[in-house]
Amino acid sequence: MGGSSSAPVRAIKPSDGVDDEEAACRRQLEPGRGDPDSIAISGCSEPSKVGLRCDPTTGSWELEDEEGGRKNLSDEVVNWFKSRNSETLKGSLAFVPWIVQQSYFEGGLDEGKIIMHRGSGAVVFSDASGFTALTERLAVKSNGAELLSQCLTAFFTPLINLINAYRGDVIKFSGDALTIYFPAVDDTAASRTRVQVPPHGSFGLPDLGPMATAVLRAAACCIEIHKRLHMFDTGVDGVRLCLHIGVGCGEVTMLQVGGAIPPETHVPRFEYIIAGNPIEQISIAEPLAKNGETCLSPQAWEHVSDCVIEDTGRSLERPDFHLLLKMDEQKYTFPTIKYSAMERDCRAEKQFKLSELNVIRRYIPSAVFKQIEGGTLTYVNEMRNISTIFISGSGIDVSSDEGALVAHELMSSIQRVCYSHEGTLNKFVIDDKGMLFLLVFGLPPLVHTDDPTRAVLSCFEMVKTFERFKLIGRFGVTTGRSYCGVCGSAQRMEYTVLGDPVNLSARLMANAPQGGILID
């Protein structure tokens, strides 16, 4: 490297300020543009005065120091930055659903917008049995976190591969459960469509329409999941994993809520959630299904009753719901449905690139993002003592415009309370009973000896927050040793907490009175 200034040059973080080549050479990287943490030079007292710049006329890169001096960067250094940033992007993309990326390019994530997406499709809730027993057995082992992480990856990798193949989008991980969205899209208008073969993949049969095709893909996906992953052998003390699945369909709303800044970073944290009538449907359908079964809501069954064969081996408490046995193979097969879905999959055309790395950071815990940057993501997986708060909130319909605004303000308020006590808001989901929040105290880098006390004190403040919004809140608080780490596969994952103390806090929450706090 050579240059005209003798001013000292600081070390640069791999992902700081280097966009993809075309975008970087198209504009100058202004100091302070976007997130200051992402283009600052590490260790600088005034990060807004420091940055990487690309000369649009020559395409050469320069490093500007705190005093305004510049030094040219060699091609080797620039290529190193780009290589590291590409790896960071690859790891970060797994934390963001396809629909969030699509919404960004359609303007759904613009500043001030809460509702990022309104659409329709099938929604699937897949719950796994056996993870609690698995976690309990591995929690006492010295390498328990490593073994559990391997089991999670071995199970979720083929599961998420199948979901992606059928054009499903994993929206949320709820512990060991997945909420999946199969959007209703008109594939007949896609550039990749072969006119003679309809989107469902069966030659000679008429097109079913976007919604029925989405439900059919969801049903076929569930059938193949059971065929390939039922009684999955974890290799740990004979523990096997089984799935029971609920399927619904209808209009859905995707929200982006939050935006408060955690104490350990400068990057605002947002959560995305899915709401709508299908959430209520799957909350009924999933408990009706036993291990190895899939239950469809009446709304979903209406679209595929002529395409699948019902399992009539046992009666359900709700006769309007239906168990799925197999495809009607005289008309449709899951391999042809899957192949047709893959052939028409255009989601990669609206995928985040390096220029959107700062957008992705909104949805990733800062400690996890730093490990992604360093290529050490597996280091976040550990067994540790944490204090967990489960919160249930009810009294609003978050799928409405007014309810979405209340959900956003409530989320921001809970974030501020949580962050003031140096805790972490790990998850926000919607179910049939309302809103669910998962808060954790004791996750790196915010670890304290009095985390249980901080958790309880924050609950007192959040009770007042719910009263201010005139909503019903219930709280459950526990402390214990749990798995803290990533759950999923290289294609789609989330940072989560698993273990008996976490499950207990959810049960305490469910049994708490209105505005009450139950503690273990």
Side-chain angles (χ1 to χ4, degrees), residues 98 121-128 155-170 178-185 187-188 190 192-194 196-232 241-249 282 285-286 289-297 300-313 322-347 489 491-492:
W98 287 106
V123 179
V124 174
F125 188 75
S126 169
D127 193 13
F155 178 72
F156 279 109
T157 295
L159 175 60
I160 292 173
N161 285 345
L162 285 173
I163 293 168
N164 281 337
Y166 284 93
R167 295 269 287 283
D169 191 5
V170 178
L178 302 179
T179 302
I180 309 150
Y181 177 40
F182 291 80
V185 293
D187 279 339
T188 60
R192 301 185 186 186
T193 296
R194 292 184 297 163
Q196 66 271 29
V197 181
H200 53 65
S202 292
F203 181 80
L205 294 177
D207 179 27
L208 298 173
M211 177 63 86
T213 301
V215 178
L216 182 66
R217 286 172 176 167
C221 181
C222 295
I223 289 172
E224 186 168 1
I225 285 171
H226 288 312
K227 285 183 178 293
R228 300 191 184 279
L229 295 176
H230 184 56
M231 297 299 288
F232 180 86
L241 305 179
C242 303
L243 290 164
H244 48 110
I245 304 174
V247 181
C249 72
I282 60 176
E286 182 267 328
K290 294 182 178 180
N291 286 336
E293 293 181 342
T294 295
C295 182
L296 275 68
S297 71
W301 183 256
E302 181 182 352
H303 289 288
V304 296
S305 59
D306 294 332
C307 310
V308 300
I309 295 177
E310 183 178 5
D311 183 356
T312 57
H322 304 267
L323 292 178
L324 179 64
L325 179 63
K326 62 180 181 178
M327 306 301 299
D328 184 348
E329 295 179 353
Q330 292 183 345
K331 300 177 181 178
Y332 308 96
T333 63
F334 65 78
T336 55
I337 294 171
K338 179 169 67 174
Y339 178 78
S340 180
M342 294 170 63
E343 186 180 47
R344 292 168 167 83
D345 192 349
C346 304
R347 293 179 295 183
S489 73
Q491 289 192 51
R492 184 73 177 91

Subject >> Rounded distance (nearest 0.5 Å) linking atom CG of Asp207 with atom CG of Asp187 >> reply: 8.5 Å
**OP:** Would you please test Val185 and Arg344 for side-chain contact (heavy atoms from CB on, under 4.5 Å) and show each step?
**Re:** CA-CA 10 Å; Val185 293; Arg344 292 168 167 83; over 6 Å; no
Original post:
Once you round to the nearest 0.5 Å, how far does CZ of Arg492 lie from CD1 of Ile180?
Top reply: 11.0 Å
Original post:
Quick one: are Leu162 and Lys338 in side-chain contact, heavy atoms under 4.5 Å?
Top reply: yes
Subject >> Nearest atoms (heavy-atom pairs only) where Ala214 meets Phe182 >> reply: CB-O, 3.5 Å
Subject >> Shortest non-hydrogen separation from Cys242 to Met231 and the atoms involved >> reply: SG-SD, 3.1 Å
Original post:
Is there a side-chain contact between Phe232 and Leu159 (heavy atoms, below 4.5 Å)?
Top reply: no
Subject >> Expected output: side-chain Arg347 to main-chain Asn164 donor-acceptor under 3.5 Å >> reply: yes
Subject >> Candidate pair Thr294 and Ile223, rule side-chain contact (heavy atoms from CB on, under 4.5 Å), full reasoning >> reply: CA-CA 8 Å; Thr294 295; Ile223 289 172; over 6 Å; no
Original post:
What heavy-atom pair brings Cys249 and Ser297 nearest, and what distance separates the two atoms?
Top reply: N-OG, 4.3 Å
Original post:
Going from CG on Leu208 to NZ on Lys331, what distance comes out if it is rounded to the nearest 0.5 angstrom?
Top reply: 9.5 Å
Original post:
When rounded to the nearest 0.5 angstrom, what distance separates CG in Asp306 from CG in Leu216?
Top reply: 11.5 Å
Original post:
Roughly how far apart are Asp169 CG and Ile163 CD1, rounded to 0.5 Å?
Top reply: 9.5 Å
**OP:** Determine, stepwise, if the pair Val308 / Trp301 fulfils side-chain contact (heavy atoms from CB on, under 4.5 Å).
**Re:** CA-CA 9 Å; Val308 300; Trp301 183 256; 3.6 Å; yes
**OP:** May I ask you to test the Trp98-Tyr181 pair for a side-chain heavy-atom distance under 4.5 Å?
**Re:** no
Subject >> Separation between OH of Tyr166 and SG of Cys222, rounded to the nearest 0.5 Å >> reply: 9.5 Å
Subject >> From CA spacing to verdict: side-chain contact (heavy atoms from CB on, under 4.5 Å), Cys295, His322 >> reply: CA-CA 6 Å; Cys295 182; His322 304 267; over 6 Å; no
Subject >> Expected output: side-chain Ser340 to main-chain Pro199 donor-acceptor under 3.5 Å >> reply: yes
Original post:
Any side-chain heavy-atom pair from Asp328 and Cys307 closer than 4.5 angstrom?
Top reply: no
Original post:
Under 3.5 Å, is there a donor-acceptor pair between the side chain of Asp345 and the main chain of Ala341?
Top reply: no
Original post:
How far apart are the closest heavy atoms of Val124 and Ala218, and which atoms are they?
Top reply: CG2-CB, 3.8 Å
Original post:
Between His226 and Leu243, what is the shortest heavy-atom contact and its length?
Top reply: CE1-O, 3.3 Å
**OP:** Measure across Ala285 and Val247 and return the closest heavy-atom pair with its distance rounded to 0.1 Å.
**Re:** CB-N, 4.1 Å
Original post:
Are any non-hydrogen side-chain atoms of Leu229 and Pro158 less than 4.5 angstrom apart?
Top reply: yes
